[in-house]
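Below: the structure, in structure tokens.
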2 protein chains.
Amino acid sequence: MSGPTRSPARNPTLADVAAAAGVSLSTASLAFSGNKPVSEETRERVLAAAGALGYAGPNPLARNLRRGRSGVVGVAVGRLSTAFRDPAALPMLDAVSEVLDAAGLGLLLMPEGDEHAGLPLDAVIYDICGSETWGAYDDLVARGVPLVVVEGPAWAGATYVDVEHRRGAAEVARHLHDLGHRRVATLTLEASHPQREREAGLRDVYPDAELVGPCASDLVAAQRMVGAWWDGGGEASAVVCQSDVQAAGVVLEARRRGLDVPGDLSVAGFDGVATPWLDLELTTVVQPLAEKGRATARAALSRIAGEPVDDVLLPVRMRVGGSTGPASHAT
Amino acid sequence: MSGPTRSPARNPTLADVAAAAGVSLSTASLAFSGNKPVSEETRERVLAAAGALGYAGPNPLARNLRRGRSGVVGVAVGRLSTAFRDPAALPMLDAVSEVLDAAGLGLLLMPEGDEHAGLPLDAVIYDICGSETWGAYDDLVARGVPLVVVEGPAWAGATYVDVEHRRGAAEVARHLHDLGHRRVATLTLEASHPQREREAGLRDVYPDAELVGPCASDLVAAQRMVGAWWDGGGEASAVVCQSDVQAAGVVLEARRRGLDVPGDLSVAGFDGVATPWLDLELTTVVQPLAEKGRATARAALSRIAGEPVDDVLLPVRMRVGGSTGPASHAT
DNA sequence: CGTTTCGATCGAATCGATTCGATGCTATCG
DNA sequence: CGATAGCATCGAATCGATTCGATCGAAACG
């Protein structure tokens, strides 16, 4: 026995395996990757040696450096608890994850605030509708990391996935107008691209729609906001919200005040998510959430592959539920 | 001008920057990392050269190979839409993310099913209470990737973070017993470590507690399950649930059938999450969700650092809300 | 029987940094 | 004034693979 060249503490490398199997480093690599034919006998010898040495396969870090890819796509969301509290975010992210998985890519969550510089990302998906500035943007551009923006601000070099916010909002507005509503108020989101588009859609029909106020897509926040508005003398026969969660909050607050929905008040939402704890199906604009996620992930994949990618605009569909009805003459 | 050595298409490397700045590769590296002192003048020359060449800083892939770290921690959750629909999951994951971010680590979501082999992970957090087998486990062990298991199955080599399920469940049971309840039924989760523990706690007080059935932590599923049980002649003065979402489902279904909570029926939950759409505060077992997340992330960090790590057992606290009351004589 | 082809294997270059040890140089000390 | 630090810089080794081009022997070809 000659003295061992390798410290036994160190993890075995492909070179160790190759040596143990009596083949060259390149052949051992081929035996694992299968990128070129290797005789059956050699492959078995290599795998046997690997097993004996406790070698678990090629080191991903080294592979990544060689390939120039990390196999990871970053997804910028807001603060996690905020981002995922919105039930509309889940089906979307779920679909993203599904498509990425199928392509063998991982999904890295990038909470707001952290710049995440120093992590090797093959592409980044920006899905924070709220914020329109982003510290990491310049760095990504400098590094040439493909960026896919979902319903977001216009940034140079990014691919866009968007939804027909304006058409959807206008359709709901028209529906309310057809029901005779003349005095309409709207609960908005923070200033953002979707908000601007939706408000434009609403004002296509109701140029004078009153503003209840900007509000997170949160049940309690919406309740408070509309409550305060009513307390302040606000009046409307219909309230148009920018999410179903907001709409549910308005319904709950209306009932708390003895108003019947839709008898005394019509309420419309946005997104088309399930609200099983509400005994009412909301009138809303149904977004193709899963398709949005898929389109987003596919765009990222194409950009990674270096293919040209078109921006995507997804259609919406109004769903008339039980939360809107004819305007009563009283209001 | 001598012919360029480098193809202009290629991204600049640190070597290019060093050459342009007229310093050695190692000095250029030091100028960026600051791991050793570099004269102010040299640093500026290097940074200027980097700017001129459009060099965005050291390639993370190369850095990672050198350090032997990827800077990414995997978090195994179930299917995303399922995992995050449970409101108890969010504060936990949020805290994990916060601690990892502070340490400069990224968080990679590992949905069930995908083995995610080939991704370089510095550690993995396993937070799927439902499933007790995991295809990726052997591979992680073989690679020596630290594993932190949250309320999960016992696996060799893993660090555990758990919660006093049994004590919490027993405390709720005792509370109900004190209120005079003698006929208690329980809605369970799928077979899992927390479920077994909690059921043991319940049976410490009510050995004969009746089983409504196993059920996902989902409002509608719980409603259906308990509804079917009542339809089948099930009777109880109190229903103990394994999550607040389940409990809310039971409350809703009870009311739908004209039962008053807590007048006719007491309902207890678990987790201690907010249910703002319920006009009732649930009696429940409050878990320190954020602390659970922090402890989990800290354990992962310590394991990555190679430090010895103790398992963690987190305390719970019963919160008596308006969903439980004295047993009525009728039932 | 000489030559071309093909499959298996190998050696060496490469991916893009970090870091150890050595070197030269200028202050500090006795 | 000579020895000793101490700082800035550099060259070379290293992390652990993948892959291009070359080599070699055997089979297929004219």
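In what follows, chains are A, B, ... by sequence order, proteins preceding strands, each numbered from 1. Just so it is clear, the values below take in all heavy atoms, side chains as well, and ignore hydrogens, waters and symmetry mates. Remember, predicted model here, so these are calculated numbers, not experimental data.
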B:Thr82 side-chain N/O to B:Gly78 backbone N/O, donor-acceptor pair under 3.5 Å: no
Main-chain N/O of A:Glu190 paired with A:Ser192 side-chain donor or acceptor, under 3.5 Å: yes
With a 4.0 Å cut-off on N to O distance, would you call [X] and [Y] a salt bridge?
{"X": "B:Glu40", "Y": "B:Arg45", "answer": "no"}
{"X": "A:Arg303", "Y": "A:Glu307", "answer": "no"}
{"X": "A:Glu151", "Y": "A:Arg196", "answer": "no"}

Distance-only donor-acceptor test (3.5 Å): side chain B:Ser26, base D:dG11: yes
Short side-chain N/O contact from B:Asn35 to OP1 or OP2 of C:dT18, under 4.0 Å: no
Under-4.0 Å side-chain N/O to phosphate OP1/OP2 contact, A:Thr42 with C:dT9: yes
Starting from [atom2] on [N], measure out to [atom1] on [X] and report it in whole angstrom.
{"X": "B:Arg43", "N": "D:dC7", "atom1": "CZ", "atom2": "P", "result": "15 Å"}
{"X": "B:Leu30", "N": "C:dG16", "atom1": "CG", "atom2": "P", "result": "20 Å"}
{"X": "B:Leu14", "N": "C:dT18", "atom1": "CG", "atom2": "C1'", "result": "10 Å"}
{"X": "B:Arg143", "N": "D:dG16", "atom1": "CZ", "atom2": "C1'", "result": "12 Å"}
{"X": "A:Phe32", "N": "D:dA17", "atom1": "CZ", "atom2": "P", "result": "9 Å"}
{"X": "A:Asp16", "N": "D:dC15", "atom1": "CG", "atom2": "P", "result": "10 Å"}
{"X": "B:Leu53", "N": "C:dG16", "atom1": "CG", "atom2": "P", "result": "14 Å"}

Kindly point out which of [options] is positioned nearest to the side chain of [X]?
{"X": "B:Lys36", "options": "D:dG21, C:dG21, D:dG16", "value": "C:dG21"}
{"X": "A:Pro37", "options": "C:dT18, C:dA8, D:dT9", "value": "C:dA8"}
{"X": "B:Ser24", "options": "C:dA17, D:dC10, D:dT19", "value": "D:dC10"}

Sugar-phosphate, base or nothing in reach of B:Ser33, heavy atoms under 4.0 Å: nothing
Sugar-phosphate only, base, or nothing, as touched by B:Ser39 at under 4.0 Å among non-hydrogen atoms: sugar-phosphate
Parallel, tilted or perpendicular, as decided by the 30° and 60° cut-offs, for the rings of A:Tyr126 and A:Trp155: perpendicular
Pairs involving residues 22-67 of chain A, ordered by first then second residue, that meet ring pair (Phe, Tyr, Trp, His ring centres under 6.0 Å) (sequence neighbours left out): A:Phe32-A:Tyr55
Neighbours of DNA chain D within residues 55-70 of chain B, by heavy-atom distance under 4.0 Å: B:Leu65, B:Arg66
